[in-house]
2 protein chains.
Amino acid sequence: MNEQLQPLKKPTKTGKTRTGTQDDIVYAHIFDAILEQRLAPGTKLSEEALGEIFGVSRTIIRRALSRLAHEGVVLLRPNRGAVVASPSVEEARQIFFARSLVEKAITELAVQHASDAQLAELRQMVTDERDCFDRGDRGAGIRLSGEFHLRLAEAAKNAPLVSFQRSLVSQTSLIIAQYESGNRSHCSYDEHNELIDAIAARDSDKAVRLMMHHMDHIDSKLNLEEDSASGDLHAVFSHLGLAKKKPRTAR
Amino acid sequence: MNEQLQPLKKPTKTGKTRTGTQDDIVYAHIFDAILEQRLAPGTKLSEEALGEIFGVSRTIIRRALSRLAHEGVVLLRPNRGAVVASPSVEEARQIFFARSLVEKAITELAVQHASDAQLAELRQMVTDERDCFDRGDRGAGIRLSGEFHLRLAEAAKNAPLVSFQRSLVSQTSLIIAQYESGNRSHCSYDEHNELIDAIAARDSDKAVRLMMHHMDHIDSKLNLEEDSASGDLHAVFSHLGLAKKKPRTAR
DNA sequence: TATACAAGAATTGCAAACAATAAATCGGTG
DNA sequence: CACCGATTTATTGTTTGCAATTCTTGTATA
């Protein structure tokens, strides 16, 4: 009577077998679902529904949602529940700016501090990433691409930057899933490999240059110029210019 | 019977009258107490005790502690409760590195985007800060000094950076409270004023130079070289050299 | 005397019940 | 027929109680 449908294993395909607390497991499941776009931006995340799905109480769900909100992939409106975040173009720009800043610093630090073991692990991740795209699993590919940057941050050995990077990568993945233009060739694993080479050679200038180019590359793949179809109805129909102003002149 | 001892007003002396949800109120109270060093690093934060103090349930306390843990001012150990964080020297270095990075970017952005109203508000904050130090309220001074940098980040108009800055400023305040050397003349409100002048003049180079100097100044006021008294008993008494090695040679 | 073990106490983790708030539907009215 | 308001419903916010884990302290033994 106490047994769950399934004792809630973590879904990550990356070999993370760490069987964390329920909290972490639910968090990871929702997180992955969002980043793999199985949960579209704007989707409402009902506490009760999620609790039933995962076989846990709302307390757990609530905490997981709180963590996700902290990372910016979930929007938590008071008394109105949680929805999958849908970054606006302006927010996307801000995130990219911050991320470029952080990636530059991380690259410089990684050149100084990355161990050979960490570099080997990064290479393995690039391989996994390529496999995903070859297999056609675009969602997992995007997620692994993000995890690559997160691991690189860990190699930089600066805890606050890692934490910030985690948030930025999550949101970036969301943006990519939301704004990426048609061609799916954003798969940048070769750029990742070049980057590892430069870091392994301890060539700071080259590594930074590659990273910046990589960022520009990702950015250029998105169509952030005009608002693509968003959930904002007002924005969608604003060009019609037939907004019904409330007839009451003063109140 | 439902009435509280005091309906939990926010403690901030900065005029933030926004009466948020209970969650926010408790969060702000603990936050300020830590930053003003009324709660020393290492202090255990019992959920039940705090709940009784604030007149709310453990649930609220728990959430507040979770937020504080996210910002790094509280350490949340599973099944072991929460304690006020006590950053190590290495952690302090990492935080300062990240913060210098972020402050530089924020300064550049603030030069571009800060409105006159925001600059006026910043000047007011510096005045308040000076008043605090004149009044001898060191704790509040440290906190206001941090809030100045947070407001400056808001003037930069980049939400992710603001969020990160909030975390960094909190931890920096904790570090200052923990590691500041004797002389209390760290009060850097004049440097803050100079900084505002440069930003108001839209002189990016000068503003950045002043900010970097300001960071170095704060850094130099700390004695991060040797571990000062921490909660680690082993470290405190290590010089005595009478550590009892466990007699068992192998096990 | 020091170590190992065990029982007790205290504290956190979790879940279900209760209360409050916002959305939605239905009915009334100009 | 459109618009405004009250009731109903659904969902979130909060409290309380129970279960599980950990820390402490006391006791026995080598």
Side-chain angles (χ1 to χ4, degrees), chain A residues 1-5 7-8 19-27 29-30 42-70 74-84 231 233 242 244-251, chain B residues 1-5 7-8 19-30 42-70 74-84 231 233 242-251:
Chain A
M1 191 178 283
N2 205 3
E3 59 203 6
Q4 242 31 274
L5 337 163
L8 280 181
T19 166
T21 161
Q22 289 181 317
D23 189 292
D24 294 322
I25 300 167
V26 172
Y27 163 83
H29 270 94
I30 302 178
T43 305
K44 186 158 195 308
L45 300 172
S46 158
E47 295 181 2
E48 190 176 351
L50 288 171
E52 194 159 343
I53 289 170
F54 289 108
V56 298
S57 158
R58 275 177 45 214
T59 307
I60 310 296
I61 303 295
R62 177 176 285 266
R63 216 169 339 152
L65 290 178
S66 174
R67 284 180 60 186
L68 290 164
H70 250 289
V74 154
L75 186 63
L76 212 56
R77 301 165 301 178
N79 282 316
R80 308 244 347 243
V83 295
V84 178
L233 295 178
L242 36 76
K244 283 188 185 177
K245 299 281 191 202
K246 293 206 172 183
R248 297 174 297 191
T249 55
R251 200 282 171 76
Chain B
M1 191 177 280
N2 203 4
E3 58 203 6
Q4 242 33 270
L5 337 163
L8 281 181
T19 167
T21 161
Q22 288 181 317
D23 188 292
D24 294 323
I25 300 166
V26 173
Y27 164 82
H29 269 95
I30 302 178
T43 305
K44 187 156 195 307
L45 300 172
S46 159
E47 295 181 0
E48 190 175 350
L50 288 170
E52 194 158 344
I53 290 170
F54 289 108
V56 297
S57 150
R58 276 176 42 218
T59 308
I60 310 296
I61 304 295
R62 178 178 288 265
R63 216 169 340 150
L65 290 178
S66 173
R67 283 179 60 185
L68 290 164
H70 246 290
V74 154
L75 186 63
L76 211 56
R77 301 164 301 179
N79 281 318
R80 307 243 347 245
V83 295
V84 178
L233 295 178
L242 35 76
K244 289 185 184 177
K245 298 279 192 204
K246 293 207 172 184
R248 298 173 299 191
T249 56
R251 198 274 175 84

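Values reported hereafter were calculated over all heavy atoms of this structure, with side chains retained and with hydrogens, waters and symmetry mates removed. In what follows, chains carry the letters A, B, and so on, assigned in the order in which the sequence lines appear, proteins first and then strands, with residues in each chain numbered from 1.
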**Study point:** B:Leu76 CG to C:dT11 P, straight-line distance once rounded to whole Å
**Key:** 16 Å

Practice item. Can you sort out the partners of A:Thr43 under side-chain contact (heavy atoms from CB on, under 4.5 Å), two or more places apart, ordered by chain and number? Key: A:Leu39, A:Ala40, A:Val84

Are there any protein N/O atoms within less than 3.5 Å of an N/O atom in nucleotides 8-12 of chain D, and if so, which ones and at what distance?
unit_1	atom_1	unit_2	atom_2	d
D:dT12	OP1	A:Lys44	NZ	3.2

Exercise for review: With sequence neighbours excluded, tell me which residues meet side-chain contact (heavy atoms from CB on, under 4.5 Å) with A:Ser66.
Suggested key: none

Study note, to complete from the structure: Rounded to whole Å, CD1 of A:Ile60 lies from C1' of C:dT12 at a distance of 12 Å

If you look only at distance, which donor and acceptor atoms sit under 3.5 Å apart when one is on a side chain in residues 75-83 of chain A and the other is two or more places apart or in another chain?
unit_1	atom_1	unit_2	atom_2	d
A:Arg77	NH2	A:Arg80	O	3.4

**Study point:** With sequence neighbours excluded, residues passing salt bridge (charged side-chain N to carboxylate O under 4.0 Å, His left out) with B:Arg58
**Key:** B:Glu47

Point to revise | Test side chain to side chain donor-acceptor pair (under 3.5 Å) applied to A:Arg67 - qualifying residues, sequence neighbours left out | key: A:Asp23, A:Asp24

